[in-house]
Amino acid sequence: MEFEDGESGFALLFPKISGVKIQHFHLFKDFKSKVFDEKKLEEAGLKNNPDLRVVLIFEYNSWKPGGVRFLNQVLKPLNEKSIIIAGGHVDYLASFPPQEKARFSTDCVGVVGLALSGPQIQGATVLLDQDVCDEKSVDSAMQRLKAANIPEQNSVGLMFACVGRGEQHYKKKNVEADSFRKHFPGVPLFGFFGNGEIGCDRVVSGNFTLRECNGEKDNLLHQYTTVMTIIHFGHAK
């Protein structure tokens, strides 16, 4: 179900999975420097990590001066064809680990997320842009996601949509979530409506590609779109 009114939340509890490493990261913008220290990416498992497969990333206070530039500084080193990137812009963070509370203020600009590493991880994302405006075009997008052949068992779906989509976009409730359920009946779907989306068409699974890549960096920042993602953590033993 797509809930568009009021506030809501969800939690994902990850068990210890053999061959999978999940790292939380939280990066702040340093207003005293125009240069982003990429060593922070390495500490967070986001750089020089050959097993990195998926990055879930969320920026807060992106409307503040330098917010979008900071996000681009973080994303640019990650914009590789071998990494799934998905997420969005959020209004605020509800809580922080105790060691980070002292560093945080309402004026901060930053990103939080998870780095998922492990050779057994597979994933795919599709971008539903402004031209995807009816059930037929949504279904076509889900067929592209399905064509990546990501296993449904031990997988999770994530949907990050613009607040301008949903019922007011399609004139009907639950269009995108229903289409995902049609094509992935065994995969739980989580997500939210936000103020900007992060992601693109991309697959990390063998040599399959959703589209021809021209060698250029993908555009990862969007508005009035939906990023639909499926992540597989490997077969249970």
Side-chain angles (χ1 to χ4, degrees), residues 9 11-14 16-17 19-121 123 125 156 158 160 190-192 194-200 202 204 215-223 227 229 231 233:
L12 288 176
L13 304 180
F14 292 101
K16 185 176 182 180
I17 306 172
V20 174
K21 184 177 183 180
I22 301 176
Q23 290 178 261
H24 163 266
F25 62 87
H26 189 178
L27 306 175
F28 294 88
K29 175 177 172 55
D30 183 357
F31 286 98
K32 297 179 181 179
S33 175
K34 294 183 178 180
V35 179
F36 177 67
D37 184 3
E38 292 193 6
K39 290 182 180 179
K40 296 179 180 178
L41 295 178
E42 190 165 352
E43 294 171 359
L46 300 173
K47 187 177 180 181
N48 295 330
N49 178 4
D51 289 331
L52 182 62
R53 296 293 183 270
V54 178
V55 176
L56 302 178
I57 187 167
F58 311 98
E59 185 187 33
Y60 57 91
N61 286 342
S62 58
W63 56 272
K64 291 183 178 293
V68 174
R69 183 174 184 272
F70 173 73
L71 180 57
N72 277 311
Q73 288 176 320
V74 174
L75 289 175
K76 186 177 180 180
L78 302 177
N79 196 354
E80 300 177 6
K81 305 301 181 185
S82 60
I83 302 172
I84 293 291
I85 301 175
H89 302 263
V90 297
D91 288 336
Y92 62 91
L93 300 181
S95 64
F96 295 89
Q99 67 272 21
E100 294 182 357
K101 286 185 177 180
R103 300 166 54 200
F104 178 76
S105 73
T106 55
D107 293 327
C108 282
V109 171
V111 296
V112 297
L114 296 175
L116 311 179
S117 303
Q120 68 200 48
I121 296 176
T125 57
V156 62
L158 296 166
F160 305 115
F190 304 91
F192 59 76
N195 295 308
E197 303 76 57
I198 303 172
C200 65
R202 188 173 290 179
V204 175
E216 297 178 359
K217 298 292 186 179
D218 286 306
N219 179 19
L220 296 173
L221 303 181
H222 310 278
Q223 293 180 329
V227 174
T229 306
I231 303 168
F233 293 92

Handout entry: His222 NE2 to Phe160 CZ distance, which is reported to the nearest 0.5 Å
Key = 13.5 Å
Problem - Non-hydrogen atoms of Lys47 and Glu38 that approach each other most closely - result: NZ-OE1, 2.5 Å
Practice task
For residues Leu116 and Phe233, report the shortest heavy-atom separation together with the two atoms involved.
Solution key: CD1-CE2, 4.1 Å
Problem - Exercise: identify the closest heavy-atom pair between Ala115 and Gly45 - result: CB-O, 4.3 Å
Handout entry: Atom pair CG/CG of Leu158 and Leu12 - distance to nearest 0.5 Å
Key = 7.0 Å
Practice task
For the residue pair Asn79 and Arg202, establish whether any side-chain heavy-atom pair is separated by less than 4.5 Å.
Solution key: yes
Practice task
Measure from the side-chain N and O atoms of Thr229 to the backbone N and O of Thr125, and report whether any donor-acceptor pair falls under 3.5 Å.
Solution key: no
Handout entry: CG-CD distance between Leu46 and Gln23, expressed to the nearest 0.5 angstrom
Key = 7.5 Å
Problem - Nearest atoms (heavy-atom pairs only) where Leu56 meets Phe25 - result: O-CZ, 3.8 Å
Exercise for the section: Decide yes or no for Glu59 and Phe70: does some side-chain heavy atom of the first lie under 4.5 Å from some side-chain heavy atom of the second? Expected result: yes
Exercise for the section: Taking the side chain as every heavy atom from C-beta outward, state whether Leu220 and Leu78 have any atom pair closer than 4.5 Å. Expected result: no
Practice task
Report yes if some heavy atom in the side chain of Val90 is under 4.5 Å from a heavy atom in the side chain of Val112; otherwise report no.
Solution key: no
Practice task
Work out which heavy atom in Ser62 is nearest to a heavy atom in His89; give both atom names and the distance.
Solution key: OG-ND1, 3.1 Å
Practice task
To the nearest 0.5 Å, tell me how far Asp37 CG sits from Leu27 CG.
Solution key: 10.0 Å
Problem - Beyond-backbone contact of Asn61 with Trp63, side-chain heavy atoms, under 4.5 angstrom - result: yes
Handout entry: Note, Val227 side chain near Ile198 side chain (heavy atom, < 4.5 Å)
Key = no
Exercise for the section: Report yes if the side chains of Phe14 and Leu114 come closer than 4.5 Å at any heavy-atom pair, otherwise no. Expected result: yes
Practice task
Please assess Tyr60 against His26 for the test ring-ring contact (aromatic ring centres under 6.0 Å, His included), listing each intermediate value before the final yes or no.
Solution key: CA-CA 11 Å; Tyr60 57 91; His26 189 178; 5.7 Å; yes
Completion exercise
Interatomic distance, CG@Leu52 vs NZ@Lys21, rounded to 0.5 Å, equals 11.0 Å
